[in-house]
Amino acid sequence: MNREALIEGWQEYRRSPVAVVALVVVVAIALLALLAPWIAPQDPYDQSALDLMDARLEPGSVGSGEYVHLLGTDNAGRDLLSAILYGLRLSLSIAVTAGVVALVVGTAIGLSAAYYGGWFGAVAMRIVDLQLSLPAILLALVLVAMLGQGVPQLMAALVAAQYAYFARTAFGAASAERRKDYVEAALSTPLSGARVLWRHLLPNTLPPLIVVVTVQIATAISLEATLSFLGLGLPITRPSLGLLIANGFQFMLSGRYWISVYPGIALMVTVLAINLVGDQLRQVINPRRRR
């Protein structure tokens, strides 16, 4: 994509003030997550640094660490602000990694099915359609229950639950491009089929995939939080946003709302902002937007 196209795309994107604010929020959240070890007052993963006497402190309280817990503490004595920052860091890293792997796997399957067609394309797309008929959360629950807890297992479950969306999108876009003259012209040359596939078809199917990957990253964050909330995601020693919400759920009626509410707000804002960015990208990339 050349510089002029990027400038034109940005001008189209910034026509929506809400989308611009959402993009700023996403960038800010990503920076906070990336810099969590340097800006968080506590390492919530260090069990030796936790003091049960600091458990369930109200927002603004000063604990044994002699610093103010701006958002209070949870039932394990973790500083909630630190836990949210580290939880965002963990959730984003898992979601982005799983999204990229699912993008690569799904795109490879979709492009190959569209290019080669025949029985291979039919079988591959029927498998994809079968998977798309199942709720992603149900498939992720089954896979996590089979694989067990842990970051690699959770990533594998998210990839398996999401690659079909990329495969279907890549197949639809590549099928339309496959019938165009430039592909037929490329095939009439001595170029290999793989070169035509990756050098000609792939670049022209990327725009819709970019939109899908933003949506699926938000979905992966939600799936990870749901699985952790149910106790099937990450281990209790690595608190993510879903696990933080689950830890405070039992204290909601006792007035200690902050344990669940603040992680819930962080999760909601993150998913909403990413979805808003993806929605505006869909409008920018839509080839019919100028009509």
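Scope of the values below: all heavy atoms of this structure, side chains included, with no hydrogens, waters or symmetry mates.
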Taking all atoms of both residues into account, what is the closest heavy-atom pair of [X] and [Y], and its distance?
X: Val128; Y: Ala167; result: CG2-CB, 3.9 Å
X: Arg89; Y: Ala33; result: NH1-O, 3.2 Å
X: Ala124; Y: Ala113; result: CB-CB, 4.3 Å
X: Arg256; Y: Arg56; result: CD-CD, 3.3 Å
X: Ser93; Y: Met155; result: O-CE, 4.2 Å
X: Pro44; Y: Ala83; result: CG-CA, 3.9 Å

Under a 4.5 Å side-chain heavy-atom rule over Ile, Leu, Val, Met, Phe, Trp and Tyr, are [X] and [Y] clustered together?
X: Phe171; Y: Trp119; result: yes
X: Tyr163; Y: Val142; result: no
X: Leu139; Y: Leu230; result: no
X: Leu276; Y: Ile221; result: no
X: Ile217; Y: Val100; result: yes

CA sep, side-chain torsions, deciding dist, call: Ser64, Asp54, side-chain hydrogen bond (donor to acceptor under 3.5 Å, both in side chains):
CA-CA 7 Å; Ser64 59; Asp54 294 334; 2.6 Å; yes
Nearest-0.5 Å distance, [atom1] of residue [X] to [atom2] of residue [Y]:
X: Trp258; Y: Glu58; atom1: CH2; atom2: CD; result: 4.5 Å
X: Ser61; Y: His69; atom1: OG; atom2: NE2; result: 7.5 Å
X: Tyr165; Y: Leu209; atom1: OH; atom2: CG; result: 15.0 Å
X: Thr169; Y: Ile210; atom1: OG1; atom2: CD1; result: 12.5 Å
X: Thr214; Y: Leu281; atom1: OG1; atom2: CG; result: 5.5 Å
X: Leu81; Y: Leu70; atom1: CG; atom2: CG; result: 6.0 Å

Derivation and outcome, side-chain hydrogen bond (donor to acceptor under 3.5 Å, both in side chains), residues Ser228 and Ser240
CA-CA 7 Å; Ser228 296; Ser240 66; 3.2 Å; yes
Flag side-chain contact, heavy atom, 4.5 Å: [X] against [Y]:
X: Leu154; Y: Glu224; result: yes
X: Leu90; Y: Tyr45; result: yes
X: Leu223; Y: Leu158; result: yes
X: Arg282; Y: Val215; result: yes
X: Thr73; Y: Arg78; result: no
X: Leu227; Y: Ile137; result: yes
X: Leu92; Y: Ile29; result: yes
X: Phe251; Y: Asn75; result: yes

Just grab all the salt bridge (charged side-chain N to carboxylate O under 4.0 Å, His left out) pairs involving residues 117-127, residues at least two apart or on different chains.
Arg126-Asp129
Kindly determine whether Asp279 and Asn275 satisfy side-chain contact (heavy atoms from CB on, under 4.5 Å), including the steps that lead there.
CA-CA 6 Å; Asp279 184 67; Asn275 277 321; over 6 Å; no
Side chain of [X], backbone of [Y]: donor and acceptor closer than 3.5 Å?
X: Gln153; Y: Gln149; value: yes
X: Gln131; Y: Ala160; value: yes
X: Glu12; Y: Val284; value: no

Which of these, Leu243, Leu88, Leu80, Asn247, sits in a side-chain contact (heavy atoms from CB on, under 4.5 Å) with Pro263?
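Single pass found, and it is Leu80.
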Step by step, work out the side-chain contact (heavy atoms from CB on, under 4.5 Å) result for Tyr262 and Tyr257.
CA-CA 8 Å; Tyr262 291 144; Tyr257 63 89; 4.1 Å; yes
Would Gln216 and Thr219 satisfy side-chain contact (heavy atoms from CB on, under 4.5 Å), going step by step from the backbone distance to the final call?
CA-CA 5 Å; Gln216 289 305 312; Thr219 302; 4.1 Å; yes
Quick one: sort the Phe120 and Tyr116 rings into parallel, tilted or perpendicular, breaks at 30° and 60°.
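Answer is perpendicular, since the angle exceeds 60°.
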Assess the residue pair Gln283 and Tyr13 against the criterion (side-chain hydrogen bond (donor to acceptor under 3.5 Å, both in side chains)); give the C-alpha distance rounded to whole Å, side-chain angles, the decisive distance to 0.1 Å, and a yes or no.
CA-CA 8 Å; Gln283 300 298 321; Tyr13 182 91; over 6 Å; no
I'd like to know whether Val212 forms a side-chain contact (heavy atoms from CB on, under 4.5 Å) with Leu103, so could you lay out the CA-CA distance, the side-chain angles of the two residues, the decisive distance to 0.1 Å, and finally the verdict.
CA-CA 9 Å; Val212 174; Leu103 170 66; over 6 Å; no
